Novice: 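Structure in structure tokens, see below.
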Amino acid sequence: MSRAADLGLGLGAIALAGGYGAMAAAIPKSLLSDAVGPGGVPLVIAGLMGLAGTGLLLRATLAGRTDAREPPDHVRAAGLLGLLVVYVAAIPHVGYPIAIGALAAAVAWFAGARGWSVAAFAVGLALLFWGGFVLLLGIPFPAGRLFGGY
Amino acid sequence: MAGLLSGDGLVTILFATAGCLWGILGGALPGISPSIAMALLLPFTYGMEPIPAIVLLASVYVGAEYGGSIPAILIRTPGTNASAATTLDGYEMARQGKGGEALGISLVSGLVGGLFGLVVLVLATEPLARLALAFTPAAYFALAVLGLSVIASLSGKSLMKGLVAAALGLMIATVGTDPVSGVPRFTFESAELLGGIRPILVMVGLFAVAEMLVQIGEPPWAKAEAGDTRLELPGLAMMRRLLPAQAIGCGIGTFEGVTPGAGGTIAAFMAYNEARRWSRNKDAFGKGAPEGVAAPEAANNVVTATALVPLLSLGIPGSNSAAILLGGFMVHGLTPGPLLFERAPEVVWGLYGGLLAANIAMLLLGLVILTPALWLVNRPKPYLLAAILCLIVSGVFAIEQSLFDVALVLGFGVLGYLLRLAEVPVLPLVLGVVLGFMLESNYRRSLVISGGDHAVFVEDPIALTLLALAAALTAYSLWSEFRRKA
């Protein structure tokens, strides 16, 4: 990993420690609290995170240039994540069978599959998963508001 | 053995076989590690009885190590990290037309290693657990600190990154209602977070979703051309020849398995090197030596059992797969550690029986699975990725019928992806999540007992020893890291 990324990780860890520590300090004490209180251990964890972040910063400052590895394809990862987010947002509206079939088709297409086999795969997978999860296991997946479900 | 043949025993055998089958197929797919194959099944264990659920997950681990050797031998692409050492001689054997023989050696050596590891597991775990029964809350706190510091030090290249990951895991563990006072912490006024974040969601996100986010940008997997390869089990003469290499693999696998943070990959490479070092025919290694397949395969299968020693006796998972198995225990309200032997001994013995059944199933499945495994490896990657993702989102929803949980898992998938970019090890984070409650509750209980006096942690000899070990290990790792980088 590059030195810049190590510096970024160190700064991020310190920022997280600060934010988390501030929230921990603001946790109200209850009458049932022990001597440590609900915020005591989180404050120690914030301290540990802050120390580790400072250590990373220090080490990255002392270290020379390092070779960066080939990073994964962020655009494709973000695209896949987008498809998953759309699935979560859409499932209450269109229902499980359509949403899971659409997700299967979209992911397969996004990953490079083409042609009618994508549609056949999506329909087959939707039927298999709907049959397995809903009919066989009896799990109440959303039926979809569009179709009168919840 | 008689227990295994009872009604419950037959169910155990069935789930051990199913888990082993899933493990072999998952292990054969490059990119699907044993822990990911286990994480994919984890949501489905919610509705199951504890013993079949635990056996199912543990059997996946057993099967995955053999499954990983199939593409390692046939296409020089290790299906799992631990099978990387097998490519060195396994692929050379395949090039010489001995792919079937290499697969047979891998299978039998895996069985030898798995059974040896099981014996070590049965003999070592209960005595260690009895020792841990003497632990006070202060000692349990110290044990959690030691577990976290060992994993943070050994599971990555950098102690500081390990500590960042461990602290992040502890932060996640503090989300929810404070166990002592009932005050909500870090819930952002969300009712869904009041009960805390279940470790299962963290694990599925960090292992399975993060891997899919990486795989989507990777090139397609290589096609496996098995030709007329047929699995050939080694004969008696070959078995005698392989015995020293398998013994080396068993010895190293035992040591590496019980050491938290080491795992099957290190064990396999160490076993390969030692088998080469002690061989009379060193020059044959790397050119298709059967011993070069036997040693690493025995070693990584020993680890599938011995990695459970610290988990079952002390409640400390030493590897990603052991952490997933711990998640399986927690799903059923069981806490691995010394009390498990008193409160649910049937689960422990059921697990032992299941591991025995899984190893035998691995041998039988190994004889017939080659063609289906190769068929699966050769499916177009886009369809495999899509099917796996659909399985993840459906399985997670099935746990509590909560879309919030699915969204959380996606969030942890992004976190796992970012951690991978920053080369931050994931295991300390998982350990922080699963040990967070043990650490905080025992720390606060100790102080309640001592009236708020922190001297309780140095007056208890076990706690003092464990904390001193943790401090020494952390200081040594810090010193080494700064000396190396400065």
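The structure presented is a predicted model; accordingly, all values stated were derived computationally and were not measured. The chains referred to below are lettered A, B, ... by the order of the sequence lines, with proteins before strands, and numbering in each begins at 1. These numbers come from the heavy atoms of this one structure, side chains and all, not from hydrogens, waters or symmetry mates.
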Novice: Check for a donor-acceptor pair, side chain of B:Lys381 on one end and backbone N or O of B:Glu218 on the other, with a separation under 3.5 Å.
Specialist: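 Yes.
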
Novice: Tell me, side chain or backbone of B:Phe188 under 4.5 Å from chain A's heavy atoms, or both, or neither?
Specialist: side chain

Novice: Strictly by modelled atom types, are B:Ser441 and B:Tyr140 linked by a side-chain donor-acceptor pair under 3.5 Å?
Specialist: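 There is no such pair (donor and acceptor under 3.5 Å, judged by atom type) between the side chains of B:Ser441 and B:Tyr140.
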
Novice: Which pair of non-hydrogen atoms, one from B:Pro428 and one from B:Gly162, has the smallest distance, and what is that distance?
Specialist: CB-O, 3.5 Å

Novice: May I ask you to name which of B:Cys390, B:Gly395, B:Pro179 has the most heavy-atom pairs under 4.5 Å with chain A?
Specialist: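 Greatest number of close heavy-atom pairs with chain A: B:Cys390.
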
Novice: Quick check against the 3.5 Å criterion: does B:Ser446 have a side-chain atom that pairs as donor or acceptor with the backbone of B:Ala138?
Specialist: yes

Novice: For the side chain of B:Thr187 and the backbone of B:Ser190, is there at least one donor-acceptor N/O pair under 3.5 Å apart?
Specialist: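 No: the side chain of B:Thr187 does not pair with the backbone of B:Ser190.
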
Novice: For A:Thr54, is it the side chain, the backbone, both, or neither that has a heavy atom closer than 4.5 Å to a heavy atom of chain B?
Specialist: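 The answer is neither part of A:Thr54.
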
Novice: At a heavy-atom separation under 4.5 Å, does A:Ile27 approach chain B through its side chain, its backbone, both, or neither?
Specialist: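 Answer is side chain: those atoms of A:Ile27 sit under 4.5 Å from chain B.
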
Novice: Give the member of A:Val85, A:Ile45, A:Ile139 that has the highest number of heavy-atom pairs under 4.5 Å with chain B.
Specialist: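 Greatest number of close heavy-atom pairs with chain B: A:Ile45.
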
Novice: Is the backbone N or O of B:Met171 less than 3.5 Å from a side-chain atom of B:Thr174, with the two atoms forming a donor-acceptor pair by type?
Specialist: yes

Novice: Go through the atoms of A:Leu81 and report whether side chain, backbone, both or neither lie under 4.5 Å from a heavy atom of chain B.
Specialist: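 Both parts, backbone and side chain.
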
Novice: Answer yes or no: is there a donor N or O on one side and an acceptor on the other, between the side chain of B:Arg185 and the main chain of A:Pro38, under 3.5 Å?
Specialist: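 Between the backbone of A:Pro38 and the side chain of B:Arg185 there is a qualifying donor-acceptor contact (under 3.5 Å).
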
Novice: Has the side chain of B:Ser158 got a donor or acceptor atom that lies under 3.5 Å from a matching backbone atom of B:Lys161?
Specialist: yes

Novice: Given that the side chain runs from C-beta out, which part of A:Ala13 has a heavy atom under 4.5 Å from chain B: side chain, backbone, both or neither?
Specialist: side chain

Novice: Side-chain contact test, heavy atoms from C-beta onward, threshold under 4.5 Å: evaluate it for B:Ile449 versus B:Val456 and give yes or no.
Specialist: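 Result no, sub-4.5 Å side-chain heavy-atom pair not found.
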
Novice: Determine yes or no for a side-chain-to-main-chain donor-acceptor pair under 3.5 angstrom, with B:Glu211 supplying the side chain and B:Ala208 the backbone.
Specialist: no

Novice: Which bit of A:Phe133 comes within less than 4.5 Å of chain B, counting heavy atoms only: side chain, backbone, both or neither?
Specialist: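 Contact with chain B involves the side chain of A:Phe133 alone.
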
Novice: So which residue, B:Val393, B:Val414, B:Leu163, B:Leu439, ends up with the most heavy-atom pairs under 4.5 Å with chain A?
Specialist: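 Highest number of heavy-atom pairs under 4.5 Å: B:Val393.
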
Novice: At a 4.5 Å cut-off on heavy atoms, which part of A:Val36 comes close to chain B: side chain, backbone, both, or neither?
Specialist: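 Contact with chain B involves the side chain of A:Val36 alone.
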
Novice: Would you say the side chain of B:Phe412 lies within less than 4.5 Å of the side chain of B:Ile197, judging by non-hydrogen atoms?
Specialist: yes

Novice: Can you tell me which portion of B:Ile216 sits under 4.5 Å from chain A's heavy atoms? Options are side chain, backbone, both or neither.
Specialist: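 The answer is both parts of B:Ile216.
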
Novice: Is the B:Phe457 to B:Tyr443 ring centre distance short of 6.0 Å?
Specialist: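 When the ring centroids of B:Phe457 and B:Tyr443 are compared, they turn out to be within the sub-6.0 Å range.
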
Novice: Among B:Leu418, B:Val214, B:Leu391, single out the residue with the greatest number of heavy-atom pairs under 4.5 Å to chain A.
Specialist: B:Leu391

Novice: For A:Val75, is it the side chain, the backbone, both or neither that has a heavy atom under 4.5 Å from a heavy atom of chain B?
Specialist: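 When you check distances to chain B, no heavy atom of A:Val75 falls under 4.5 Å.
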
Novice: Please classify the contact of B:Leu168 with chain A as side chain, backbone, both or neither, using a heavy-atom distance under 4.5 Å.
Specialist: both

Novice: Between B:Ala167, B:Pro184, B:Gly217, which has the largest tally of heavy atom pairs under 4.5 Å with chain A?
Specialist: B:Ala167

Novice: Taking A:Gly8, A:Gly12, A:Ala24 one by one, which has the highest count of heavy-atom pairs under 4.5 Å against chain B?
Specialist: A:Ala24

Novice: Measure B:Tyr417 against the heavy atoms of chain A and call it side chain, backbone, both or neither at under 4.5 Å.
Specialist: side chain

Novice: Select one option (side chain, backbone, both, neither) describing which atoms of B:Val164 are under 4.5 Å from chain A's heavy atoms.
Specialist: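 Contact with chain A: backbone and side chain both.
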
Novice: Find the one option among B:Ala407, B:Gly452, B:Ala387, B:Gly451 whose heavy-atom pairs under 4.5 Å with chain A are most numerous.
Specialist: B:Ala387

Novice: Determine the option with the most heavy-atom pairs under 4.5 angstrom with chain B, choosing from A:Leu48, A:Leu128, A:Leu58, A:Leu84.
Specialist: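 If we count pairs closer than 4.5 Å to chain B, A:Leu84 comes out on top.
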
